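In the text below, chain A, chain B and the rest are named by the order of the sequence lines, each starting its count at 1. Computed from a prediction, not measured in an experiment: that's the story for all the values here.
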Amino acid sequence: MSPREPATPDTGAGSGRNAGGGPGAGSGRGVGGAGGAARDPGLQPERTRLAWRRTTLTCAITAVLAVRGAVHGPGTATDVAGTAFIVLLWLAFLGLAHVRIRALAAARPAPLAPRAALGATVCVLALAGFAVAVIL
Amino acid sequence: MTDFGKDVRLWFAPQRVREEGETPDYRFSLANERTFLAWIRTALALVGGGFAVDQFLPDLRWGVRVGMALALLAVGAACALRAVNHWVRCERAMRRGEDLPLSRFPVVLSLGVGLVAVAMMVIVLMGWTNGR
C-alpha cells in the first residue's frame, strides 16, 4: 500500500526542502524546521494514524452496544430503523477516519480540518442521543 | 461565556483558525490531534458505559439504572464537546505562539467518574437492587 511509503526519508527530504524553504515560518518555533525535515524520529503521522484506528475501533464497540440495546427480539420497524441509523453513523465515522488517514500519508500532513473534528464530535453526540432515546 | 461563544464560532469556520498567526510545526498539530482523539475515545467509552449500565445491570431499580446511565451519557457528551473545544483552543494558541490553555475539565471528569463508581459500589454493597 502506497500511503506508508511517502514517509520514508528520501521522499520526506524532497518535499521537506520545499516546505522548509518556502514560508520559513515554522522553522523559528518548530522543533525541526529545516534540519529535521529529512527524518521524523517520532513517527508522528504513523502514531496519529493509529490513534484514528483506535478511535474507529472504540466507535465500533460503542455502535455494537447501541445496536444490542436497540434491538429486542424479532425485527420491528423501529429496530431496523435504529440499527440502520447506528450503522450509518459508524460508516460516517469510518469515512472521516479514512479521509484523514489518507491525508496523513503526505510528507508534511496538514493539520486536521475543524470540520472533521466537528464531525467526529457529532458522531459521539448522536450516539449519546440515541442512547438516551433507547433507555427512556 | 463570550469566550466560549467565540470558540464555538471557530468550530464552524475552519478558515478563521488558519487566518490567525503562523502555521506551527506539523508535529505539534498532530500531537494536538491525537489528544483530541484520546478525548473522543474517552467520550465514546463513557457513552458505551451508559449503554452497558442499561443492558448489563437489569437487577438495579429502574430509577437507579436509568439515572446512572443518563449520568454517564451526559458526561460522555460533555467530554466530546470539550474535546473539540479544547482542540480548537490549543490549535489557535499554537498559531499565535501563546501558552496552551489550562483546563479544569480533567479534574471535574475524574471526580464525576469517581463519584459514579462509589455510588455503584454502595448500591451493590447495600443490596439496593431488586434482588432476584
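Using a 4.5 Å heavy-atom threshold, the side chains of A:Leu112 and B:Trp87 count as touching. No side-chain heavy atom of B:Phe51 sits under 4.5 Å from any side-chain heavy atom of A:Val67. Between A:Pro111 and B:Glu33, every side-chain heavy-atom pair lies at or beyond the 4.5 Å cut-off. Between B:Phe56 and A:Arg68 there is a side-chain heavy-atom pair separated by less than 4.5 Å. Residues B:Leu73 and A:Ile135 have side chains in contact (heavy-atom distance under 4.5 Å, counting atoms from C-beta outward).
Looking at A:Leu136, the atoms closer than 4.5 Å to chain B (heavy atoms on both sides) all sit in the side chain, from C-beta outward. If you measure heavy-atom distances from B:Leu44 to chain A, the contacts under 4.5 Å come from both the backbone and the side chain. Residue B:Leu46 does not touch chain A at all, counting heavy-atom pairs closer than 4.5 Å. Only the side chain of A:Arg100 comes within contact range of chain B, judged by heavy atoms closer than 4.5 Å. If you measure heavy-atom distances from B:Ala83 to chain A, you find no contacts under 4.5 Å at all.
A:Leu94 and A:Ile86 fall into different hydrophobic clusters, where Ile, Leu, Val, Met, Phe, Trp and Tyr residues are linked whenever their side-chain heavy atoms come under 4.5 Å apart, directly or through other members. Linking Ile, Leu, Val, Met, Phe, Trp and Tyr residues whenever their side-chain heavy atoms come within less than 4.5 Å places B:Leu57 and B:Val122 in a single cluster. Two different hydrophobic clusters hold B:Val75 and B:Met121 under the rule that ILVMFWY side chains link at heavy-atom gaps under 4.5 Å. In the hydrophobic clustering of ILVMFWY residues, with side-chain heavy atoms under 4.5 Å counting as a link, B:Leu72 and B:Val118 come out together. Taking hydrophobic clusters as Ile, Leu, Val, Met, Phe, Trp and Tyr residues chained together by side-chain heavy-atom distances below 4.5 Å, B:Val116 shares a cluster with B:Phe105.
Note that CZ of A:Arg108 is 11.5 Å distant from OG of B:Ser29, once rounded to the nearest 0.5 Å. Here the CG atom belonging to B:Leu37 is positioned 11.5 Å from the CG atom belonging to A:Leu50, to the nearest 0.5 angstrom. Expressed to the nearest 0.5 Å, how far CZ of A:Arg47 lies from CZ of B:Arg27 amounts to 11.5 Å. Separation of atoms OG1 (A:Thr56) and CD1 (B:Ile40) is listed at 11.5 Å; rounding is to 0.5 Å.
For B:Val84 against A:Thr121, the heavy-atom pair with the smallest separation is CB-OG1, 3.4 Å. Taking all atoms of both residues into account, the shortest heavy-atom contact from B:Leu30 to A:Pro45 is CD1-N, 3.8 Å.
A:Thr55 and B:Arg41 form a side-chain donor-acceptor contact under 3.5 Å, judged by distance and modelled atom types alone.
Per-residue heavy-atom pair counts under 4.5 Å with chain B were compared for A:Leu65, A:Ile61, A:Thr58, and the maximum is reached by A:Leu65. For the options A:Gly129, A:Cys123, A:Pro109, A:Ala110, heavy-atom pairs under 4.5 Å to chain B are most numerous at A:Pro109. Comparing A:Ala128, A:Gly69, A:Ala66, A:Ala63 by how many heavy-atom pairs each has under 4.5 Å with chain B, the most go to A:Ala66.
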